[in-house]
Colleague: 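Let me begin by handing over the structure; questions about it come next.
We're numbering straight along the sequence, starting at 1.
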Amino acid sequence: LVTALASELHLNVCTLSLASPIVTDEKIHTLLAAVPQRSLLLIEDVDAFFRQRDAAHSQVRLSFSGFLNALDGVATQEGNVLFMTTNHADRLDEALIRAGRIDERVELGLCDEEQLRRLYLKFDPDEAAALAFAAEFALLSSLCARGVVLKVKTPDGVGVKLRNNYDPVDGEPLAWR
């Protein structure tokens with residue numbers, strides 16, 4: 001999504017890892033000032049770095065207040081867009097997501113069958129295969145959301161762990177599909 005949006009808007013994409021040991025209260029301002037104009041700045045999994053305004057783990061050398069101050073500075077740079085991702089919006093401090101820092105919240109849920117069909121058709125024009133793919137993976141997504149599906153095998157044979165590896169009904173390990 002970030003890459004597509006940046007491409008559409010003709011923006012550079014810059015990423016910042018808050019886990020990097022070089023990112024401190026002093027250094028973050030320098031790093032953000034170096035972001036070129038007309039850039040999209042991406043900070044992924046922002047929920048993983050702070051718990052109740054304290055660093056979530058020892059390698060985070062940036063304080064919560066230093067992060068907020070830096071965000072306020074980057075937000076004033078004309079022509080730049082800030083994206084922060086999270087898997088746990090409920091864990092984010094209200095100060096981080098208040099109006100003015102975060103102007104738009106978008107939840108990316110599971111794809112529905114029609115979205116999956118259209119996605120498939122981007123890579124293969126076979127409508128019948130697209131419908132079969134969409135039906136199978138819409139069901140898989142639905143089961144995964146309920147915690148039922150845990151492992152799947154991709155077409156190239158790579159196993160992917162989706163949740164846990166036990167059937168919630170009988171507690172037995174799930175077999176590869």
Colleague: Check for me, please, whether L11 and L42 land in the same ILVMFWY cluster - side-chain distances under 4.5 Å, paths through other members count.
Modeller: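 Same cluster: L11 reaches L42 through Ile, Leu, Val, Met, Phe, Trp or Tyr contacts under 4.5 Å.
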Colleague: Of all heavy-atom pairs between I97 and L92, which one has the smallest distance, and what is that distance?
Modeller: CG2-CD1, 3.7 Å
Colleague: Can L41 be reached from I22 by stepping across I, L, V, M, F, W or Y side chains whose heavy atoms are under 4.5 Å apart?
Modeller: yes
Colleague: Is the backbone of H88 close enough, under 3.5 Å, to the side chain of T86 for a donor and an acceptor to pair up by distance?
Modeller: yes
Colleague: For Y120 and F133, take the angle between the two ring planes, folded into 0 to 90°, and tell me which bin it lands in: parallel under 30, tilted 30 to 60, perpendicular over 60.
Modeller: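 Because their plane-to-plane angle lies in the 30° to 60° range, the rings of Y120 and F133 count as tilted.
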Colleague: Under 3.5 Å, side chain of R38 to main-chain N/O of L9, donor-acceptor pair present?
Modeller: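 Yes, R38 side chain to L9 backbone: donor-acceptor pair under 3.5 Å.
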Colleague: Does P21 offer a backbone N or O that forms a donor-acceptor pair with the side chain of R61 under 3.5 Å?
Modeller: yes
Colleague: On a heavy-atom basis, which atom in I102 and which in R105 lie closest, and how many Å separate them?
Modeller: CG2-CG, 4.0 Å
Colleague: Any idea which heavy atoms bring L68 and A95 closest together, and the distance?
Modeller: CD1-CB, 3.9 Å
Colleague: Taking all atoms of both residues into account, what is the closest heavy-atom pair of V13 and A6, and its distance?
Modeller: CG2-CB, 3.4 Å
Colleague: Check whether F50 and L82 end up in the same hydrophobic cluster, where Ile, Leu, Val, Met, Phe, Trp and Tyr are linked by side-chain heavy atoms less than 4.5 Å apart.
Modeller: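 Per the 4.5 Å side-chain linkage, F50 and L82 are co-clustered.
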Colleague: For residues A70 and I28, report the shortest heavy-atom separation together with the two atoms involved.
Modeller: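 Closest approach of A70 to I28, heavy atoms only: CB-CG2, 3.6 Å.
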Colleague: Can you check whether S63's main-chain N or O pairs, donor with acceptor, with D25's side chain at less than 3.5 Å?
Modeller: yes
Colleague: Check the pair L16 / L31 against side chain to side chain contact (heavy atoms under 4.5 Å, CB included), numbers first and verdict last.
Modeller: CA-CA 9 Å; L16 175 64; L31 292 169; 4.0 Å; yes
Colleague: Could you walk me through whether V2 and L40 pass the side chain to side chain contact (heavy atoms under 4.5 Å, CB included) test, one step at a time?
Modeller: CA-CA 8 Å; V2 169; L40 190 152; 3.2 Å; yes
Colleague: In terms of hydrophobic clusters joined by side-chain contacts under 4.5 Å, are V60 and L96 together?
Modeller: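 Yes: a chain of side-chain contacts under 4.5 Å links V60 to L96.
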Colleague: More than 12 foreign heavy atoms under 6.0 Å from CD of E8: is that the case here?
Modeller: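 Count not over threshold, so no.
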Colleague: Would a distance-only check, ignoring hydrogens and angles, find a side-chain to backbone donor-acceptor pair under 3.5 Å from R91 to N87?
Modeller: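 Not confirmed, R91 side chain does not pair with N87 backbone.
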Colleague: Is there a side-chain contact between L18 and F67 in this structure, where contact means two heavy atoms from C-beta onward sitting under 4.5 Å apart?
Modeller: yes
Colleague: Please find the pair of heavy atoms, one from Q37 and one from N12, that lie closest to each other, and give the distance.
Modeller: O-ND2, 3.7 Å
Colleague: Test your reading of the model: is there a side-chain donor-acceptor pair from R53 to the backbone of D93, 3.5 Å cut-off?
Modeller: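 Side chain of R53 to backbone of D93: no pair is present.
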Colleague: Any donor and acceptor pair, going by atom type alone, linking the side chain of D45 with main-chain N or O of A48 inside 3.5 Å?
Modeller: no
Colleague: Just verifying a value: how many Å separate M84 CE and R101 CZ, rounded to the nearest 0.5 Å?
Modeller: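 Separation between the atoms: 9.0 Å.
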Colleague: Hey, does the side chain of S20 reach the backbone of S17 with a donor-acceptor pair shorter than 3.5 angstrom?
Modeller: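 The answer is no, because no donor-acceptor pair under 3.5 Å joins these two groups.
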Colleague: In Å, rounded to the nearest 0.5 Å, how long is the span from CG of D90 to CG of D47?
Modeller: 8.5 Å
Colleague: Would you mind reporting whether E136 and L116 have side-chain heavy atoms less than 4.5 Å apart?
Modeller: no
Colleague: Verify side chain to side chain contact (heavy atoms under 4.5 Å, CB included) between E127 and R117, making sure each step is shown before the conclusion.
Modeller: CA-CA 8 Å; E127 183 69 37; R117 184 190 70 78; 3.0 Å; yes
Colleague: Quick one: do N69 and H29 satisfy side chain to side chain contact (heavy atoms under 4.5 Å, CB included)? Show the steps, please.
Modeller: CA-CA 9 Å; N69 289 334; H29 293 285; 4.3 Å; yes
